[in-house]
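A short worksheet on the structure shown next.
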Protein chains: 2
Amino acid sequence: MRADAQRNAARLRAAAADLFQERGLQVSLKEIARRAGVSHGTLYNLFGSREALIDEVIADLAAVRLGDAARAALACPDPWQGFAGYVAEVCELQATDPALGDVLTRRFPDASRLMAVCDNSYSAAESIIDRARRDGSLRPDFTAADLLFFLASHAPLARSAAAAGSDSWRRAVGFMLDGLRTPAATPLPTAPMTPQQINHLLIEGSATPAG
Amino acid sequence: MRADAQRNAARLRAAAADLFQERGLQVSLKEIARRAGVSHGTLYNLFGSREALIDEVIADLAAVRLGDAARAALACPDPWQGFAGYVAEVCELQATDPALGDVLTRRFPDASRLMAVCDNSYSAAESIIDRARRDGSLRPDFTAADLLFFLASHAPLARSAAAAGSDSWRRAVGFMLDGLRTPAATPLPTAPMTPQQINHLLIEGSATPAG
DNA sequence: AGACATGTTGACCGCAGGGTCAAGTTATGG
DNA sequence: CCATAACTTGACCCTGCGGTCAACATGTCT
């Protein structure tokens, strides 16, 4: 790879990282190129697709952030504290970093490294949940699918609340957590989602085609 | 108004009602015209703006649906049952009717009749919440702003879950309600939103400009 | 029936997005 | 220092959106 190409790739990566984190994973590729100070043709040249760019720029970061949160949760002596702290931490990430808010939505199935991060996070969440359930502090009917549903619905509003300088999303998380403790538990009206249902749900989630 | 214009207006209203309820209040106006079988020029001619169309086609419907839910809630002898049923009912509306899911987002400030419906609903929610708080069954720190936050974040996923034939959103509502009963209550990390903050939050919510 | 007001139409504008590619430029190795 | 492979560029394609308007059609009233 020629030196100038390397320079351009670095600039593009930096611009992409900035914009993804400022405005989410759907920012226009032309705008990324604009901010990097190169032609959008060059972006397509060097990366080929938004997914490739995401994988290069966000996947590691997401892996670290989510991995840290999960590790901290499992390291916490009190399973409930671990679980609650994990949820709060992930929500915090969603509120402060739009890119991370978009990670869990699985809306970029072709970003393979990112999808791997999603899968790992899901497994980690299962462990965290399991531990808290076995402990008796987390209601037994709560599943990782339920957590994912909550996080996915929470992300957009948390993001704009944070952008508007508001903490209000923390309240929503607080209510939710109070509903997840065993003493509060009340029978649920329906079964948890299967992984297929989750996928379907999240991907269809926002980019509904026009037909 | 000429007879053909009246016919066209009726067709447009019908098409708009259909599409709003199928896909939400942001469907393209050209598509509404297409489905109505008239030129989009005619739509602009007869209605002038999306907001006018919304006001004509959705405002009443929303007023009735939300009003019924509120009335039923206040008529319920048990304040907690009334509150919980209200939340569940509104969520059901959001899940089954994308147009109603968009109503509470306040993303169409120029649709004045719709905005009035929002305001009324908010007041009604305050009464319902108040009654349940005074009853001692609803945690005292829960406000109408919190409910609005929940509903706004809930709507999109509930919609796509329902579209995918899934009931899973009911679980989320169940967890949330369990967190709202007084016995579950745990101190909250931050203050509720002011009306201004709500407005800001919801309107910025999804249509973030590119700049 | 005819004339005029009232409506309708679709081409057109500007914008922005994704994506491609021939032509031009520049780094690099011999 | 130059030949060439490697790279960049921006014009161009497509799509779809909101919105306007001159030219045309049609209902309506006398």
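As a basis for the values below, the full set of heavy atoms in this structure was taken, side chains included, without hydrogen atoms, waters or symmetry mates. Only a predicted model underlies this, so the values are computations on that prediction, with no experimental measurement involved. Here is how names work: the chains are called A, B, and so on, in the same order as the sequence lines, proteins then strands, and each is numbered from 1.
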From the options [options], select the nucleotide whose nearest atom is closest to the side chain of [X].
| X | options | answer |
| --- | --- | --- |
| Y44(A) | dG17(C), dT8(D), dG19(C) | dG19(C) |
| V38(B) | dG19(C), dT9(C), dG18(D) | dT9(C) |
| A5(B) | dG17(C), dT8(C), dC17(D) | dT8(C) |
| A3(A) | dG19(C), dT28(C), dT20(D) | dT28(C) |

Quiz item: H40(A) side-chain donor-acceptor pair to dT20(C) base, under 3.5 Å: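 Answer yes: a donor N or O sits under 3.5 Å from an acceptor.
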When you measure only distances, ignoring hydrogens and angles, does the side chain of K30(A) come within 3.5 Å of the base of dG18(C) through a donor and an acceptor? yes
Is the H154(A) ring parallel, tilted or perpendicular to the F149(B) ring (thresholds 30°, 60°)?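 The arrangement is tilted - the two ring planes meet at 30° to 60°.
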In this structure, how many angstroms lie between the [atom2] atom of [N] and the [atom1] atom of [X], rounded?
| X | N | atom1 | atom2 | value |
| --- | --- | --- | --- | --- |
| R11(B) | dG7(C) | CZ | P | 16 Å |
| F108(A) | dG18(C) | CZ | C1' | 14 Å |
| F47(A) | dC7(D) | CZ | C1' | 14 Å |
| L46(A) | dA6(D) | CG | P | 14 Å |
| N45(A) | dA23(C) | CG | P | 17 Å |

Ignoring backbone atoms, test whether [X] places a side-chain nitrogen or oxygen under 4.0 Å from the OP1 or OP2 oxygen of [N].
| X | N | value |
| --- | --- | --- |
| S28(B) | dG18(D) | yes |
| T42(A) | dC7(D) | no |
| N8(A) | dC7(D) | no |
| R34(A) | dG17(C) | yes |

Side chain proximity check, H200(B) to P195(B), heavy atoms < 4.5 angstrom: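 H200(B) does not reach P195(B) side chain to side chain.
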DNA chain C: S39(B) or M1(A), which has the more 5' nearest nucleotide?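 It is S39(B) whose nearest nucleotide is closer to the 5' end.
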Let me know, please, whether L43(B) or R2(A) comes out on the 5' side of the other along DNA chain C by nearest nucleotide.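 So the residue in question is L43(B).
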Closest to the 5' end of DNA chain D, once G48(B) and D4(B) are matched to their nearest nucleotides, is G48(B)
For A163(B), does its backbone N or O pair with a side-chain atom of S160(B) as donor and acceptor, under 3.5 Å?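 No; judged by distance alone, with no hydrogens or angles, the pair does not exist.
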Qualifying residue, where the test is salt bridge (Lys or Arg N to Asp or Glu O under 4.0 Å) with R113(B) and the options are D60(B), D119(B), D55(B):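 Exactly one option meets the salt bridge (Lys or Arg N to Asp or Glu O under 4.0 Å) with R113(B), and it is D60(B).
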Distance-only polar pair, side chains of T42(B) and N8(B), donor-acceptor under 3.5 Å: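 N8(B) and T42(B) do not have a side-chain donor-acceptor pair below 3.5 Å.
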